[in-house]
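Note that this is a predicted model, so its numbers are computed, not measured.
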Amino acid sequence: MKEFLYRIPSYLPTTIVLILLFYLTLVPQPLPPIEVPMLNFDKIVHMIMMGGVSFTIMFDYKRRERQRILPLSVRLYVLAGTIVLGTLIELAQGTELIHRGCDLWDGVANAFGCLLSFFLTPTILRRLL
């Protein structure tokens, strides 16, 4: 399994995840309307999406650098960068071009997902790689 993970081209997973993120967040109606299973379900989706982006960036970095541990400085840069990215996406959704609505709580959920990834990714990567 580890050999397979190291054979994936550098930053291909990050590129794929970012393309999906931009499609799902910046296209006015990316998916057909669905019935949500619970109140504020979209906040959970926001946490998972941004946590996934953060995880994938750190996953690709660790694969490329082949370091034993993921440096704190890298984790902090990824945390800051993904929080800024999530905030910019929320602001873009509120523009006339996209018409999706800019929601403060979506931004908070984005940041919380990034923060969860900041703490959980090193443990997950140690087991994966």
Side-chain angles (χ1 to χ4, degrees):
M1 175 74 166
K2 288 182 184 182
E3 281 303 313
F4 170 75
L5 292 176
Y6 279 109
R7 288 178 189 229
I8 299 170
S10 291
Y11 291 98
L12 179 64
T14 297
T15 302
I16 292 169
V17 167
L18 286 174
I19 288 169
L20 282 171
L21 174 77
F22 291 137
Y23 174 74
L24 292 172
T25 58
L26 298 178
V27 170
Q29 185 70 35
L31 301 171
I34 59 170
E35 186 176 324
V36 294
M38 62 188 214
L39 187 64
N40 292 326
F41 180 72
D42 68 314
K43 305 308 180 247
I44 295 170
V45 171
H46 279 266
M47 285 175 25
I48 292 169
M49 275 194 323
M50 291 309 295
V53 168
S54 179
F55 171 82
T56 307
I57 293 168
M58 289 187 270
F59 168 77
D60 277 338
Y61 177 86
K62 187 161 193 278
R63 276 185 330 118
R64 193 187 93 213
E65 298 299 321
R66 292 187 182 244
Q67 294 179 343
R68 193 170 187 300
I69 61 167
L70 196 61
L72 178 62
S73 60
V74 170
R75 291 173 45 216
L76 287 170
Y77 283 129
V78 171
L79 174 66
T82 51
I83 288 174
V84 168
L85 176 65
T87 303
L88 291 174
I89 286 172
E90 282 305 314
L91 292 173
Q93 286 179 342
T95 64
E96 297 277 328
L97 184 64
I98 298 174
H99 289 294
R100 297 254 320 243
C102 178
D103 184 8
L104 172 67
W105 294 110
D106 284 350
V108 171
N110 289 342
F112 189 70
C114 297
L115 200 57
L116 278 175
S117 180
F118 174 83
F119 289 110
L120 296 177
T121 297
T123 304
I124 295 168
L125 288 181
R126 247 188 316 259
R127 295 200 174 152
L128 242 148
L129 302 175

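In terms of the side chain to side chain contact (heavy atoms under 4.5 Å, CB included) criterion, residue partners of L115 (sequence neighbours excluded) are, by chain and number, L79, F119. Not counting sequence neighbours, the partners of L116 by the side chain to side chain contact (heavy atoms under 4.5 Å, CB included) test are M47, F112.
Clustering of Ile, Leu, Val, Met, Phe, Trp and Tyr side chains at separations under 4.5 Å places V84 together with L88.
Without hydrogens or angle criteria, E35 side chain to P37 main chain gives no donor-acceptor distance under 3.5 Å. With hydrogens and angles disregarded, a donor-acceptor distance shorter than 3.5 Å links the side chain of R63 to the backbone of I8.
Under the side-chain hydrogen bond (donor to acceptor under 3.5 Å, both in side chains) criterion, the residue pairs touching residues 109-122 are H46-N110, S54-S117, S117-T121, with sequence neighbours excluded. For residues 10-25, the set of pairs meeting the side-chain hydrogen bond (donor to acceptor under 3.5 Å, both in side chains) definition, not counting sequence neighbours, comprises Y11-R64, T14-D60. Within the structure, side-chain hydrogen bond (donor to acceptor under 3.5 Å, both in side chains) pairs that include any residue of residues 78-105 comprise K43-D103 (at least two apart or interchain).
Other residues, nucleotides and ligands place no more than 12 heavy atoms under 6.0 Å from the CG atom of L97. Heavy atoms of other residues, nucleotides or ligands lying less than 6.0 angstrom from CZ of F22 number more than 12.
A 4.5 Å side-chain heavy-atom check between F118 and L72 finds at least one atom pair inside the cut-off. In this structure the side chain of L85 reaches within 4.5 angstrom of the side chain of L18, judged on heavy atoms. Between Y61 and P71 the shortest side-chain heavy-atom distance falls below 4.5 Å. Put simply, the side chain of M50 reaches to within 4.5 Å of the side chain of L21, judged on heavy atoms.
Both I16 and F4 belong to a single network of hydrophobic side chains, linked directly or stepwise wherever heavy atoms of I, L, V, M, F, W or Y lie under 4.5 Å apart. By the criterion of side-chain heavy atoms lying less than 4.5 angstrom apart, applied directly or through intervening Ile, Leu, Val, Met, Phe, Trp or Tyr residues, V78 is grouped together with V53 in one hydrophobic cluster. Under the 4.5 Å side-chain contact rule for hydrophobic residues, L70 and L76 do not share a cluster. Grouping the Ile, Leu, Val, Met, Phe, Trp and Tyr side chains by contacts below 4.5 angstrom, directly or via other members, places L31 with V27. Note on Y6: it clusters hydrophobically with M58, by side-chain heavy-atom contacts below 4.5 Å among ILVMFWY residues.
Distance check, rounded to the nearest 0.5 Å: CG of L120 to CZ of F55 gives 10.0 Å. Separation of atoms NZ (K62) and CZ (R68) is listed at 8.5 Å; rounding is to 0.5 Å. Here CD1 of I89 is found 7.0 Å from CE of M49. Values are rounded to the nearest 0.5 Å.
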